[in-house]
Amino acid sequence: MVDNILKRRSEEENRRQEGHLPPGQSLTQKFPVLHYGPVPAFNPATWDFRIWEGVSLHTLVEQGFIKPNPETKYVIQHAEFGFTTNLPIEVMMAENFMLATHFNGEPISPDHGYPVRGVVGHIRDKGELFVPYFWKGAKWLRALEFRKDDKPGFWEQAGYHNQADVWKEQRFG
Ligand SMILES: Nc1nc2c(c(=O)[nH]1)N[C@H]1C(S)=C(S)[C@@H](COP(=O)(O)O)O[C@H]1N2
Ligand SMILES: [Mo]
């Protein structure tokens with residue numbers, strides 16, 4: 001127990017010195033559950049997942065399932081209970097945006113978004129270009145909406161910063 005705490009602390013210090021840990025943040029070695037509202041029940045008989053016509057994601061486009069609509073600038077992820085989050089299309093078309101069904105070889109747990117969630121980006125090192133990260137991936141994903149204009153999602157409307165750059169400590173919009 002105490003050993004684990006000390007190990008985490010020293011790992012945290014290493015990460016900070018390497019410039020990977022933004023100010024005011026701490027290192028977690030767990031997979032915390034962070035969302036608003038309850039965990040939905042999954043019923044395969046009634047569950048569906050919609051992608052709007054004329055829109056695209058990198059692999060789906062590459063495999064020829066969807067033809068990109070050049071007018072699209074933003075994509076809204078729609079999840080259970082009306083939760084939404086918004087991202088520029090180029091972010092969702094990047095290699096590190098994923099409609100994830102599994103984590104560490106196991107189906108994603110209900111808490112983390114079963115049967116499918118968005119997983120986006122990474123926390124960049126200081127000085128890299130802006131890359132959105134984990135919080136912009138909707139758990140219990142049900143639809144993707146492709147739009148010309150941006151539309152703030154659930155947390156974004158609740159006052160959180162649209163980009164939330166950790167290095168700039170952008171917490172509120
Ligand atoms: N459906 C849904 N997805 C969500 C959220 C939420 O409240 N509802 N919160 C987001 C935020 S702010 C974070 S930090 C991550 C947390 O993912 P985790 O619970 O798997 O760690 O989920 C994101 N996706
Ligand atoms: Mo979050």
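In each ligand, atom 1 is the first atom listed, and ligand 1 is the first ligand listed.
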Positive for side-chain contact (heavy atoms from CB on, under 4.5 Å) with H35, one of W135, W140, F83, F81: W140
Result of checking V91, N96, T85 against P132 for side-chain contact (heavy atoms from CB on, under 4.5 Å):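 Of V91, N96, T85, side-chain contact (heavy atoms from CB on, under 4.5 Å) with P132 is met by V91 alone.
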Applying a heavy-atom cut-off of 4.0 Å, say which part of [X] lies close to ligand 1: side chain, backbone, both or neither.
X	answer
F31	side chain
R117	side chain
F81	neither

Any atoms of ligand 1 less than 4.0 Å from a non-hydrogen atom of [X]? List them with their elements.
X	answer
V33	19 (O)
F134	17 (O), 18 (P), 20 (O), 21 (O)
P32	18 (P), 19 (O), 21 (O)
W140	1 (N), 2 (C)

What residue and heavy atom of the protein are closest to [atom], and at what distance?
atom	answer
atom 10 (C) of ligand 1	W135 O, 3.5 Å
atom 3 (N) of ligand 1	K139 N, 3.0 Å
atom 5 (C) of ligand 1	F83 CZ, 3.4 Å

Over 12 foreign heavy atoms within 6.0 Å of NZ, K151: yes
In terms of side-chain geometry, is the basic nitrogen of [X] or [Y] positioned less than 4.0 Å from the acidic oxygen of its partner?
X	Y	result
R8	E13	no
E145	R147	yes
R142	D48	yes

Residue selection (non-hydrogen contact nearest atom 24 (N) of ligand 1) among A158, G137, A138, S109: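 Going through A158, G137, A138, S109 one by one, G137 has the nearest heavy atom to atom 24 (N) of ligand 1.
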Parallel, tilted or perpendicular, as decided by the 30° and 60° cut-offs, for the rings of Y160 and F172: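 The arrangement is tilted - the two ring planes meet at 30° to 60°.
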